[in-house]
Amino acid sequence: MNTLYTMGIDIGSTASKCVILKDGKEIVSKSLVSVGAGTSGPSRAIAEVLENGGLKREDMAFVLATGYGRNSLEIADKQMSELSCHAHGAHFLFPNVHTVIDIGGQDAKVLHVGDDGNLVNFVMNDKCAAGTGRFLDVMARVLEVDVGDLAGLGAKSQVQVEISSTCTVFAESEVISQLAKGTDRCDIIDGIHRSVAGRVGGLARRVGVQPDVVMTGGVARNCGVLHALEKELNTEIQTSPLAQYNGALGAALFAFEKCR
Amino acid sequence: MNDKEKAEQAPVSAEAAPVKKKKTQSPGVLALQKVVNDVYQAARDAKKEGKLVGWSSSKFPCEIAETFDLNVVYPENQAAGIAAHHDDTRLCTIAENEGYDADICSYARINLAYAMGNETTNEGRRMPMPDFVLCCNNICNCMTKWYENIARIHNIPLIMVDIPYSNYPEVDDDFVAYVRGQFDIAIKQLEELTGKKFDEEKFKRVCGYANRTANAWLKVCDYLQYKPSPMSGFDLFNHMADVVTARGKKETAEAFELLASELEENLKTGKSTLPFPEQHRIMMEGIPPWPHLRELFKPLKEHGLNVTAVVYAPAFAFRFNDVEGMARSYAVAPNSVCLEKGVDWRSQLCKDNKVDGALVHYNRACKAWSGYMPEMQRRWQNELGIPVVGYDGDQADSRNFNAAQYETRVQALVEAMEEADRKKESGK
Ligand code: SF4
């Protein structure tokens, strides 16, 4: 049988990600460009993923797009919601997954996944930025740290500080007044992580948390939020270095199913 | 510049009214449209002739005003029409500039701006200024303050009936007595205002029409139980205007009866008012975001979703024969009943109308409705075991809705419903 290549493209609000799968089993190439829908990100990510894999568009048996910008891609054969794709991707990485917590740039969602990796139910945050990657970006800016350093700094916290506002603007001024009081930045960061965990934990409880629990999306790389969520939900949470590619991976898997 | 002049100078809505494709409407639908247009026209004519015109909340018994031959128009219906015509943002902003907070119900903001003399671009929904207001807070308490404000702006009588939220599933006799007493006073107030006696015989006749309307309306709603349905549930959102503004009129009863007979015919011939094949059936919870009906409908059409259950539609069927019965009937409205009853209504409706999923509008305008929805949703969803998706919006403030977010959620709902279908198939 011929080798079957399928491509999954996830165009989010802040990043464009692509994955190429071989026979629905093996990731042969992936790419990530840190700008999303409406930018040059999608076409750059597509060019990159093909180049990394030494492949051409014609080699792809099926291309499936997902994410916020999914409907604006001419290259795609089909579009699906990122919710189903995330469920599928997580199931590929963690076959026993039943709950996926995905925190992206502008939304947070919790998915209940069936035994077969299909989406059973889900909740998403409302239009508010609280509990999303954007919330962390804003806080990092106020604290003058790189968002990638938040986890490491938060881990050094000695004293528990509460950031109680869920509203991004209110929380921002809470952080500023903590800074003015001379509170240690690490303690504030830890408080911010717990605040995100509290918000997303509430969403998770609405769908019901069933093990295994997996965290995906860009924010999954922040182990401070991950640990805070583990405490909040009193459960172990797994993640993967591929967490940010999860939507694209799920899309590539669906693409494979479509052409089988 | 006074408010009237300002209204005249106001830019005619930047976003033009949607270009309407001429669709041939059935005689039943045309008759229903005429009923509502006539209500507004009659009020405008009455005003010209120097007769009294009232503004009424949607669940104040229209049967009373009808008995007194009073011309009454309905701000909630007008606000929905204004929003569907894309004139909502302009009027909401005017109200906000006058100091009404953006968190106040968008119907209230639109109407308060209107009450202050700002004309709307939706010509068909223009209302004369009121000489009295009729308010019943069985749907929410925002209503109370809203109507007090109209009464103050125009220095006119406010006829108020307080119907508190009920913590119990059944309406007890004390509750009814409390409401009944207020209806008696409201009738007296209207006798003084009009200089007419309340005509019991006429009231009975009006109740007869209202009951006929309610029966025909429920019959129309029930056609959604057929699978596939001979109608698009989205139609109910349009027909709601008739049950809100003209329940007690003979013409309304007749128009709904005509529509019901058309649906019966559709059933026989296998036709439907749904402009695409019905692939899935969903419940739509909450008042829709009127400014975005087109965006709302688009993914439903793409995925073959028929809205076969609309929670707030059957809630307008009031049936009774006397003032006591009226008090009992109006004591029960969607937002005035306890959680348990709200859950039962929805579960039953979803079962009867055979839905595979549900779309819940978390409506920023209506705290009364959306506030207890997460818990209510959790309960009926558990009971029904169907996928449910919530989306954010606002019934009459277009600034609070995002089409892309909505589309993603609808698509995910469809994917979850398809998955459930596959499971059912393979389980067979
Ligand atoms: S929409 Fe809700 S808040 Fe507004 S008047 Fe109606 S019930 Fe009250």
Side-chain angles (χ1 to χ4, degrees), chain A residues 10-13 36-38 64-72 78-88 91 100 102 104-129 132 202-208 247 250-251 254 257-258, chain B residues 103 289 295 298-299 302-303 356-364 370-371 373-382 384-394 397-427:
Chain A
D10 178 6
I11 311 299
S13 59
L64 198 142
T66 187
Y68 178 64
R70 66 188 179 284
N71 290 324
S72 51
K78 186 180 165 68
Q79 291 81 20
M80 280 184 78
S81 78
E82 55 266 41
L83 295 121
S84 296
C85 291
H86 273 277
H88 241 44
H91 180 73
V100 178
D102 175 80
Q106 70 171 16
D107 62 28
K109 44 191 171 282
V110 183
L111 322 173
H112 174 196
V113 184
D115 292 336
D116 48 4
N118 282 309
L119 178 70
V120 178
N121 190 15
F122 68 92
V123 281
M124 282 174 100
N125 66 317
D126 49 29
K127 59 182 150 295
C128 168
T132 70
L203 277 187
R205 282 192 210 95
R206 271 166 63 186
V207 210
F254 272 120
E257 282 175 20
K258 299 287 170 211
Chain B
D103 275 338
E295 289 99 319
K298 186 177 151 246
E302 268 165 26
H303 299 290
D356 322 306
L359 204 50
V360 178
H361 180 201
Y362 281 92
N363 179 356
R364 200 172 180 118
S370 294
M373 198 45 64
E375 177 55 18
M376 201 180 291
Q377 176 190 325
R378 192 183 66 80
R379 294 191 192 190
W380 54 255
Q381 186 176 6
N382 274 348
L384 298 165
I386 53 170
V388 180
V389 172
Y391 69 96
D392 293 287
D394 191 304
D397 185 342
S398 50
R399 297 168 291 182
N400 293 328
F401 176 84
N402 179 297
Q405 276 198 4
Y406 166 76
E407 276 176 31
T408 299
R409 288 164 201 225
V410 174
Q411 187 163 23
L413 175 68
V414 172
E415 288 159 7
M417 289 192 296
E418 282 172 353
E419 193 42 43
D421 282 353
R422 258 195 297 277
K423 282 236 174 71
K424 246 189 255 159
E425 289 285 307
S426 60

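Lettering of chains follows the sequences in order, A, B, ..., and the numbering in each one begins at 1.
Heavy atoms closer than 4.5 Å to chain A are found in the side chain of B:Q381, but not in its backbone. Contacts between B:V414 and chain A at a heavy-atom distance below 4.5 Å are absent for every atom of the residue. Heavy atoms of A:N71 lying under 4.5 Å from chain B belong exclusively to its side chain.
In this structure, the side chains of B:Q405 and A:M124 stay at 4.5 Å or more apart for every pair of heavy atoms. The shortest side-chain heavy-atom distance between A:L119 and B:E419 does not fall under the 4.5 Å cut-off.
Summarising the geometry, atom CD belonging to B:Q411 is positioned 4.5 Å from atom CZ belonging to A:R70; distances are rounded to the nearest 0.5 Å. The CZ atom of A:F122 sits 9.0 Å away from atom CD of B:E415, with the distance rounded to the nearest 0.5 Å. To the nearest 0.5 angstrom, B:R409 atom CZ is 7.0 Å from A:D107 atom CG.
Nearest heavy-atom pair across B:T408 and A:L83 is CG2-CD1, 4.0 Å.
For A:D115, the CG atom sits in a loose shell: 12 or fewer heavy atoms of surrounding residues, nucleotides or ligands are nearer than 6.0 Å. By the 6.0 Å contact criterion, OH on B:Y391 is enclosed, its count of non-hydrogen atoms from other residues, nucleotides or ligands being greater than 12.
Listed options A:M80, A:H112, A:E82 were ranked by heavy-atom pairs under 4.5 angstrom with chain B; first place goes to A:M80.
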